[in-house]
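Convention: sequence-line order gives letters A, B, ...; per-chain numbering from 1. Heavy-atom basis, side chains included; hydrogens, waters and symmetry copies ignored.
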There are 2 protein chains.
Amino acid sequence: MPYAVNAMPRRRSLTPDQLAAAALAVIDRDGLAGLSMRAVAQEIGMSTMALYRYVDDRGELEQLVIELVLSTVDTGPPGTASSWYERIEVMVGRLRGVVGAHPWIVPLIIAHRHQSVAVLRWSETVVAILAEAGLDGRDRVVALRCLLAYVVGAIQLEHLGPLAGPGTQVIADRGEFPQLSETARQAGGVGPGEEFDGGLAMLLRGMANGR
Amino acid sequence: MPYAVNAMPRRRSLTPDQLAAAALAVIDRDGLAGLSMRAVAQEIGMSTMALYRYVDDRGELEQLVIELVLSTVDTGPPGTASSWYERIEVMVGRLRGVVGAHPWIVPLIIAHRHQSVAVLRWSETVVAILAEAGLDGRDRVVALRCLLAYVVGAIQLEHLGPLAGPGTQVIADRGEFPQLSETARQAGGVGPGEEFDGGLAMLLRGMANGR
DNA sequence: AGACGTAAGCGTACAGCATACGCTTACGAT
DNA sequence: ATCGTAAGCGTATGCTGTACGCTTACGTCT
């Protein structure tokens with residue numbers, strides 16, 4: 001006679017969420033490169049191999065992490081009061097807010113997104129709004145993927161490059177790239193948030209003026 | 001008395017380009033995860049440690065690789081006959097063509113882009129076109145970063161997810177996400193090229209209708 | 001109360017990783 | 001012919017993921 005689910009010989013001392021949270025803590029502290037089974041085990045005070053009672057391999061742990069993060073994205077449709085334009089901004093803003101708080105996980109999202117329910121829920125809501133905006137068929141497909149590409153790309157460019165100054169600035173200021181260094185000079189006054197929102201606004205204007 | 005440059009006690013048997021080409025071959029064959037000093041050494045028939053006569057560390061090898069790839073991007077301004085709109089399309093298309101042929105290196109580009117002259121050259125030309133289009137100040141900064149974010153994000157979404165079907169399709173078709181699965185169905189008929197170009201077109205329309 | 005079976009958790013082992021250090025060796029300059 | 005130098009290599013160290021088998025806690029059944 002098989003055991004009941006809650007009558008295991010020894011109860012697990014961890015929930016998958018706790019495990020994922022520990023992994024996320026490691027990532028936030030030491031970056032994606034710092035994520036190792038050993039580091040996570042130490043974080044929760046267990047032996048390395050104990051983790052394998054919870055996940056089959058490192059990949060499954062990564063999946064747990066992105067699901068933990070993405071599940072905190074509010075995927076409910078924003079109030080219908082505002083325009084579709086603003087509602088997309090809200091949806092994208094929510095995603096950026098959550099993911100931008102843990103930028104190291106973006107590569108994990110790209111790798112595991114097809115297994116993520118959270119991404120699907122978010123996409124579902126966004127697609128619905130796009131439909132309301134009058135986009136359908138090809139254009140809607142394109143718009144959705146385009147939004148995702150932008151979010152994913154922008155977050156990485158913002159957070160995952162090494163400090164912007166020493167590299168670009170020095171070379172740019174050598175007078176070899178006049179237009180660029182002029183632009184770079186003005187970039188100083190533009191905060192990351194404004195930059196992101198500005199780009200998103202361009203994108204949305206383009207979607208609105210669909211051909 | 002120091003030696004002349006070409007009179008070294010033992011001539012290097014490799015050019016940096018050959019080294020980078022070997023690393024790129026490994027990446028193209030086995031992915032970024034397959035890139036290791038050992039693998040590259042084997043590829044060129046040298047010992048692992050011999051590589052360190054050419055680069056300080058793995059990071060420098062990566063930089064060599066992206067510079068090898070990106071240096072093949074034609075950064076010359078496209079013919080002035082066409083509109084700025086079309087010229088940006090050409091510039092973005094060139095970048096996508098080259099990088100899309102080696103999609104695994106995108107994370108390397110993100111990490112090392114600030115040290116890449118090729119990226120600067122490309123940006124310089126793009127900025128010049130944007131200026132002609134009437135964009136300046138804040139808008140030009142935003143537009144450039146936005147284009148880069150899109151390219152980088154789109155290439156990763158296209159190439160770096162695991163096969164699209166089994167994951168998304170199966171879940172989507174469970175009727176839980178009606179809008180999404182409807183959209184996904186139509187996505188089948190849209191090729192990657194069309195999708196990329198479609199998104200870019202939206203972006204450019206938005207830039208044109210600057211507020 | 002005591003015995004049993006199961007799964008939790010751990011220790012060890014192994015292959016592969018980047019790379020520090022020091023040795024050998026080829027070879028241009030003298 | 002000799003010498004100095006840098007090319008190239010071998011070994012060692014401390015990381016990584018994880019396969020395998022042991023110990024141990026504990027719910028269930030007698």
Query raised in the report: Separation of B/Y54 atom OH from C/dA18 atom C1', in whole Å?
Result: 19 Å

Report summary line: Output for pair (B/C146 SG, B/R140 CZ), nearest 0.5 Å, gives 15.5 Å

Report task. Kindly indicate whether the side chain of B/R38 and the base of C/dG16 share any N or O donor-acceptor pair separated by less than 3.5 Å? Result -> no

Requested in this report: Output yes when at least one side-chain N/O atom of B/R58 is less than 4.0 Å from OP1 or OP2 of C/dA18, else no.
Outcome: yes

Query raised in the report: Salt bridge between A/R121 and A/E124, side-chain N to carboxylate O under 4.0 Å?
Result: no

Report task. Look at the side-chain N and O atoms of A/S36 and state whether any lies under 4.0 Å from the OP1 or OP2 oxygen of D/dT16. Result -> yes

Query - C/dT25 base / B/R10 side chain donor-acceptor hit below 3.5 Å - result: yes

Report task. Enter the distance from A/E62:CD to A/Q115:CD here, rounded to the nearest 0.5 Å. Result -> 12.0 Å

**Report entry** Short side-chain N/O contact to C/dA7 OP1/OP2 from A/R53, under 4.0 Å
**Finding:** no

Report task. Using a 4.0 Å heavy-atom cut-off across all strands, classify B/M49 as base, sugar-phosphate, or nothing. Result -> base

Report task. Please report, rounded to the nearest Å, how far the P atom of C/dA8 is from the CG atom of A/L19. Result -> 13 Å

Report task. Return no unless some side-chain N or O of B/T48 is found under 4.0 Å from OP1 or OP2 of C/dA18. Result -> no

